[in-house]
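Report on the structure given below.
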Amino acid sequence: MTSERDVLDPEIILDQLGPSLFSENIIFRKTLDSTNRLARELARQGAPEGSVVLAEKQTAGRGRRGRAWVSPGYRNLLFSLLLRPTLPPHEVFALTMTLALAACEAVREMTGLEVLIKWPNDLYVGQKKLAGILTEFALQGKGIDYVILGIGLNVNWNPTASQSTALRLETGRDISRNDLFVGILQRFEEYYKDVSPGRTALYYEKWNALSLIMGKDVEIEFDQETIQGKALGIDYDGALIIRDLKGREKRIRNGDVTVKWWRER
């Protein structure tokens with residue numbers, strides 16, 4: 001059974017959130033196939049920026065490259081944000097980094113845990129995955145029509161997969177999902193006011209300071225290619241800079257990263 005405190009309550013959320021970009025159109029569903037899917041449908045119908053889709057349970061949640069996102073109901077945070085930024089398309093990934101940063105800081109304030117960003121879209125505690133972010137966007141002419149940022153964050157359950165973790169597993173206690181959700185939205189909104197018009201330099205150092213892979217040996221799969229090297233940092237647009245095995249610096253916008261943990265032993 002779920003405790004009263006573990007049930008998402010839109011009234012509590014709106015009361016705590018107060019006046020906000022995200023308080024005008026929160027769509028809450030107990031069960032939904034995918035928060036990103038519904039947010040995308042709403043975007044195409046002209047829903048305003050700041051619309052939020054929040055669900056207790058997803059039946060067809062997914063991550064990047066169509067991978068399934070498994071989450072039990074009434075235990076985690078599953079939500080998507082609809083944005084209509086003025087960023088040029090090549091800077092969209094900065095929004096992924098901004099949401100990751102907001103989530104890291106909100107979790108740290110509530111739990112004291114050090115949560116780090118595993119580029120391009122995951123949050124980790126130690127060597128275990130805590131959350132994943134899925135970014136989707138559509139163009140209108142040469143500009144952006146909308147961006148959907150979806151996140152699944154493990155909160156009050158004990159994942160069976162050895163490579164995953166959750167806040168309760170790390171802290172030994174239940175965490176208020178209502179409070180955490182509000183904390184993430186508040187931080188993201190604060191940062192989004194700067195990042196949306198392109199002032200990403202303000203957060204460049206922050207998301208690099210929280211990078212899990214900074215200075216580590218990594219292997220990256222992208223565009224049917226695999227490259228090995230050392231991660232040097234994440235640039236202003238959210239792209240990864242690495243030095244490959246031949247000493248050449250490369251800028252990568254998208255890919256799957258494997259950290260060579262064994263090389264640190």
Side-chain angles (χ1 to χ4, degrees), residues 17 20-23 26 35-36 39-40 43 48-54 63-64 77-110 113-125 129-139 143-153 180-214 231 233-241 251-255 257:
L17 190 58
S20 166
L21 171 66
F22 300 112
S23 63
I26 296 181
T35 61
N36 261 39
R40 194 167 58 247
E49 176 170 69
S51 296
V52 182
V53 179
L54 174 66
R64 293 176 64 250
L77 275 180
L78 307 166
F79 66 91
S80 297
L81 308 178
L82 166 57
L83 307 172
R84 299 188 186 274
T86 56
L87 286 170
H90 70 271
E91 293 182 11
V92 163
F93 196 64
L95 297 175
T96 308
M97 289 291 100
T98 305
L99 180 57
L101 177 62
C104 284
E105 293 186 346
V107 169
R108 183 177 59 202
E109 181 171 309
M110 284 195 66
L113 293 172
E114 182 183 33
V115 183
L116 298 177
I117 303 168
K118 179 178 177 285
W119 187 94
N121 67 319
D122 293 332
L123 304 183
Y124 270 60
V125 176
K129 184 173 178 176
L130 177 71
I133 298 172
L134 177 62
T135 302
E136 301 178 283
F137 66 97
L139 302 178
I144 295 172
D145 182 14
Y146 64 82
V147 176
I148 306 296
L149 293 179
I151 184 169
L153 194 157
L180 181 57
F181 180 55
V182 170
I184 293 173
L185 289 185
Q186 288 175 332
R187 279 165 182 75
F188 180 76
E189 181 174 13
E190 176 187 348
Y191 302 159
Y192 182 64
K193 291 175 182 177
D194 291 317
V195 173
S196 175
R199 296 193 294 269
T200 57
L202 296 171
Y203 303 99
Y204 166 79
E205 291 186 4
K206 286 189 175 184
W207 62 52
N208 272 287
L210 292 178
S211 172
L212 177 74
I213 67 173
M214 176 79 82
I234 304 165
D235 75 4
Y236 297 98
D237 298 341
L240 178 66
I241 308 298
R251 185 173 183 270
I252 301 171
R253 291 186 183 276
N254 196 19
V257 175

Can you confirm whether K118 sits close enough to K129 that some side-chain heavy atom of one is under 4.5 Å from a side-chain heavy atom of the other?
no

Under the side chain to side chain donor-acceptor pair (under 3.5 Å) test, residues paired with E190 that sit two or more places apart
none

Using atom types as modelled, flag every donor-acceptor pair under 3.5 Å from a side chain in residues 91-101 to any protein atom, sequence neighbours excluded.
| unit_1 | atom_1 | unit_2 | atom_2 | d |
| --- | --- | --- | --- | --- |
| T96 | OG1 | T135 | OG1 | 2.6 |
| T98 | OG1 | A94 | O | 2.7 |

So does I234 get a backbone contact from the side chain of N208, meaning a donor-acceptor N/O pair under 3.5 Å?
yes

Is the backbone N or O of Y236 less than 3.5 Å from a side-chain atom of T200, with the two atoms forming a donor-acceptor pair by type?
yes

Which atom names give the shortest non-hydrogen contact between L139 and P89, and what distance separates them?
CD2-CG, 3.7 Å

Would you mind reporting whether P85 and Y192 have side-chain heavy atoms less than 4.5 Å apart?
yes

Side-chain contact test, heavy atoms from C-beta onward, threshold under 4.5 Å: evaluate it for L21 versus E49 and give yes or no.
yes

CZ/F79 to CG/N36 distance, rounded to the nearest 0.5 angstrom?
11.0 Å

Using only atom types and a distance under 3.5 Å, with no angle test, would you say the side chain of R187 pairs donor to acceptor with the backbone of G183?
yes

In terms of heavy-atom contacts, I184 and A102 come closest through O-CB, 3.9 Å

Report yes if the side chains of V52 and F181 come closer than 4.5 Å at any heavy-atom pair, otherwise no.
yes

Measure across L82 and P48 and return the closest heavy-atom pair with its distance rounded to 0.1 Å.
CD2-O, 3.5 Å

Which atom pair, heavy atoms only, marks the closest approach of T86 to P197?
OG1-CA, 3.4 Å

Pairwise side-chain contact, D122 with I117, heavy-atom cut-off 4.5 Å (strictly under)
no

How long is the straight-line distance from SG of C104 back to CG of L212, given to the nearest 0.5 Å?
10.0 Å

Could you name each residue pair satisfying salt bridge (charged side-chain N to carboxylate O under 4.0 Å, His left out) that touches residues 192-208, not counting sequence neighbours?
D194-R199

Within the distance-only criterion (no hydrogens, no angle test), does the side chain of D235 pair as donor or acceptor with the backbone N or O of D237 below 3.5 angstrom?
yes

Are the side chain of W119 and the backbone of G238 linked by a donor-acceptor contact shorter than 3.5 Å?
yes

Do I213 and L240 come close enough that some side-chain heavy atom pair is under 4.5 Å?
yes

Pairing residues for Y203 by the ring pair (Phe, Tyr, Trp, His ring centres under 6.0 Å) criterion, not counting sequence neighbours:
Y191

How about L83 and S196: do any of their side-chain heavy atoms sit closer than 4.5 Å?
no

Listed by chain and number, what are the side chain to side chain donor-acceptor pair (under 3.5 Å) partners of Q186, not counting sequence neighbours?
none

Acceptor/donor pairs from residues 146-153 side chains to any protein atom, 3.5 angstrom cut, sequence neighbours excluded:
| unit_1 | atom_1 | unit_2 | atom_2 | d |
| --- | --- | --- | --- | --- |
| Y146 | OH | R44 | NE | 3.4 |

